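Atom set for the values below is all heavy atoms of this structure, side chains included, hydrogens, waters and symmetry mates excluded. Quantities reported herein were computed from a predicted structural model and do not represent experimental measurements.
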Amino acid sequence: MDRFEGRCWLDWWANASTLLGSVEVAVVITVSDAEWVAHGHLVSDTDEDRDGFAFLCDQDPVFTLRFDDQSIIAVTAHPTDDQRRFTLTEYAGPGRRSVEHHSDLIHQAV
């Protein structure tokens, strides 16, 4: 296979049993001698999907790219400024990583 073009899903797993988010994407993957290049965009045009994708990328940009045949590959998503388009690179880091997120909660008296 020198080229794949089609729809897939980017799945974001909190742990081995908790899928926190999944977004359908259209991707183009091309393969050369020793590497592959992938880019794509969110299939949905809704702000909710775009904002959800942006939030997950901010937490940890490592996703599982899932194909129709259920084959998967770990990837790092590199979104563009509009959070609808992205490039993907193969993730080669550890299978388990810690993600830390802090939310600043501001209480205002009414």
Residues in side-chain contact (heavy atoms from CB on, under 4.5 Å) contact with [X], at least two apart in sequence or another chain:
X: Thr18; answer: Ala14, Asn15, Leu20
X: Ser32; answer: Glu35
X: Ser22; answer: Trp9, Asp11, Leu19, Arg66
X: Val28; answer: Arg3, Glu5, Thr30, His39

My understanding is that only residues two or more places apart in sequence, or in another chain, count here; which of them pass side chain to side chain donor-acceptor pair (under 3.5 Å) with [X]?
X: Asp51; answer: none
X: Thr89; answer: His78
X: Thr87; answer: none
X: Asp47; answer: Arg50, Arg84

* Determine which pairs satisfy salt bridge (Lys or Arg N to Asp or Glu O under 4.0 Å) with at least one residue from residues 22-32, sequence neighbours left out, and list them in order. => Arg7-Glu24

* Asked: Heavy atoms, side chains only, cut-off 4.5 Å: are Val75 and Leu10 in contact?
  -> yes

* With sequence neighbours excluded, tell me which residues meet ring-ring contact (aromatic ring centres under 6.0 Å, His included) with Phe86. =>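 If we apply the ring-ring contact (aromatic ring centres under 6.0 Å, His included) test to Phe86, skipping adjacent residues, the hits are Phe53.
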
* Nearest-0.5 Å distance, CD1 of residue Ile72 to SG of residue Cys8 ->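 Nearest 0.5 Å value for the CD1-SG distance: 12.5 Å.
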
